[in-house]
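Some notes on the structure that comes next.
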Amino acid sequence: MSAPLTCRPTTAADLPALSTLAHAAFGPDEGPEIAALLHGLLGHPIVAGGHPQALSLAAADPGGRLCGHVLFTPVALAPAPTPAVPAAILAPLAVDPALQRQGLGQRLAREGLAQLRDAGTALVFVLGDPGYYTRLGFAPAARWGLQPEHAIPPAYGDAWMVQSLQPGALERLAADGVTRRVVCTGMLGEARYWGP
Ligand SMILES: CC(C)(COP(=O)(O)OP(=O)(O)OC[C@H]1O[C@@H](n2cnc3c(N)ncnc32)[C@H](O)[C@@H]1OP(=O)(O)O)[C@@H](O)C(=O)NCCC(=O)NCCS
């Protein structure tokens, strides 16, 4: 039986290891862009400053090597609802290729969602494979009038998803019938991260 992995928050000192992991998980085409995204987001004052909807969690092996990582960063809803709805987006999620399909990605995501719930987060968004993220409790966001910051081709519309961490949060938000845009923190708001 393999040794257990531990989940822990990352620090600025982990950035080189997170970059290595991003290159390994996303490969030579996407890896450099994801590593740059991590660098930008983890160094962003809102994220580095300990915002309640910012969470960077890594899985480490007994030797301390990072083999999985998930990042949540705060998002704003526009127009802003009253009362405010604390919300975050999950991006990116990465697992060392040697350890994929063993449940680590889901474990990291679930742990992060539980910690965000405890921090008072009402909604979490993701842009990703519906087959993967529906298992984690996400469902298409468009039905709640919640639009991504950048348009997504209609064929990928179901990839834009949300889940409520507080009972009734989506129903209360959508009750006014207003369509809202989800505005990301820092580099995640750049159009290049929203392509298919
Ligand atoms: C996507 C990723 C994070 C999943 O982590 P993981 O630890 O391998 O996945 P889990 O073990 O938690 O879940 C495995 C299940 O998810 C599904 N799955 C795994 N990777 C998937 C992918 N890239 N797309 C769709 N489904 C995937 C599989 O169906 C698998 O189910 P199965 O065992 O019944 O076949 C990981 O494969 C990875 O790092 N991929 C490269 C980076 C990436 O694409 N990240 C997501 C976008 S931000």
Side-chain angles (χ1 to χ4, degrees), residues 1-10 14-42 44 47 53-62 65-75 87-116 121 123-141 148-150 152-153 155-163 182 184-196:
M1 194 174 138
S2 55
L5 302 171
T6 52
C7 277
R8 65 160 175 83
T10 67
D14 293 317
L15 205 47
L18 293 177
S19 179
T20 301
L21 176 62
H23 280 86
F26 286 90
D29 289 343
E30 282 186 274
E33 211 164 22
I34 298 296
L37 175 67
L38 285 174
H39 196 275
L41 287 177
L42 290 169
H44 192 286
V47 177
Q53 274 67 58
L55 177 64
S56 175
L57 268 186
D61 70 14
R65 191 181 68 91
L66 300 191
C67 37
H69 177 240
V70 65
L71 179 62
F72 299 86
T73 49
V75 293
I89 186 166
L90 185 169
L93 172 63
V95 170
D96 184 328
L99 294 175
Q100 288 179 4
R101 300 200 166 219
Q102 295 174 40
L104 182 53
Q106 290 178 64
R107 181 180 154 196
L108 276 167
R110 287 189 206 285
E111 176 63 28
L113 290 166
Q115 291 192 24
L116 285 175
T121 311
L123 301 180
V124 179
F125 294 86
V126 73
L127 177 65
D129 188 322
Y132 189 73
Y133 287 103
T134 51
R135 293 187 201 189
L136 289 163
F138 291 90
E149 189 162 358
H150 298 280
I152 293 169
Y156 296 93
D158 280 354
W160 173 239
M161 292 172 276
V162 65
Q163 78 168 282
V182 176
C184 296
T185 299
M187 283 173 71
L188 203 48
E190 295 177 13
R192 61 180 159 143
Y193 292 108
W194 292 82

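One-based numbering, in listed order, for ligands and for the atoms of each.
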Quick one: do L93 and Y133 satisfy side chain to side chain contact (heavy atoms under 4.5 Å, CB included)? Show the steps, please. CA-CA 11 Å; L93 172 63; Y133 287 103; 3.7 Å; yes
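- Note: an N/O pair closer than 3.5 Å links G105 and ligand 1 by distance alone.
- Among all protein heavy atoms, the one lying closest to atom 44 (O) of ligand 1 is F26 CE2, 3.9 Å.
- Scanning all heavy atoms of the two residues, the minimum distance from V95 to A25 falls at O-CB, 3.5 Å.
- Under the 4.0 angstrom criterion for non-hydrogen atoms, G131 is not in contact with ligand 1.
- V95 N, 2.8 Å is the protein heavy atom nearest to atom 39 (O) of ligand 1.
- For atom 25 (C) of ligand 1, the closest non-hydrogen atom of the protein is D129 OD2, 3.0 Å.
- Per-atom contact check: atom 23 (N) of ligand 1 does not touch the protein, criterion being a heavy-atom distance below 4.0 Å.
- Closest to atom 27 (C) of ligand 1 among all protein heavy atoms lies Y132 CD1, 3.9 Å.
- Among all protein heavy atoms, the one lying closest to atom 45 (N) of ligand 1 is L93 O, 2.8 Å.
- Residue contacts with ligand 1 include A94, since one or more of its heavy atoms lies under 4.0 Å from the ligand.
- Atom NE2 of H39 has 12 or fewer neighbouring heavy atoms from other residues, nucleotides or ligands inside a 6.0 Å radius.
- Pairing each heavy atom of P92 with each of L37, the nearest pair is CD-CD2, 4.4 Å.
- Taken from CD in E111 to CG in L108, the straight-line distance is 8.5 Å, to the nearest 0.5 Å.
- Taking each heavy atom of A109 and L136 in turn, the nearest pair found is CB-CD1, 3.8 Å.
- Distance NE2/H44 to CG/L188: 10.5 Å, rounded to 0.5 Å.
- The nearest protein heavy atom to atom 48 (S) of ligand 1 is closer than 4.0 Å.
- In this structure, CZ on R135 lies 9.5 Å from CZ on R110, to the nearest 0.5 angstrom.
- Distances from atom 4 (C) of ligand 1 to the protein include at least one heavy-atom value under 4.0 Å.
- Among all non-hydrogen protein atoms, the one lying nearest atom 14 (C) of ligand 1 is Q106 NE2, 3.9 Å.
- At least one heavy atom of R135 sits less than 4.0 Å from an atom of ligand 1.
- For atom 6 (P) of ligand 1, the closest non-hydrogen atom of the protein is R101 N, 3.6 Å.
- Taken to the nearest 0.5 Å, the CZ atom of F125 stands 5.5 Å off from the CH2 atom of W160.
- Of the protein's heavy atoms, Q100 NE2, 3.3 Å lies nearest to atom 38 (C) of ligand 1.
- Heavy atoms of Q102 found under 4.0 angstrom from ligand 1 belong exclusively to the backbone.
- When each of V70, L55, L116, L71 is checked for a side-chain contact (heavy atoms from CB on, under 4.5 Å) with L90, only V70 meets the rule.
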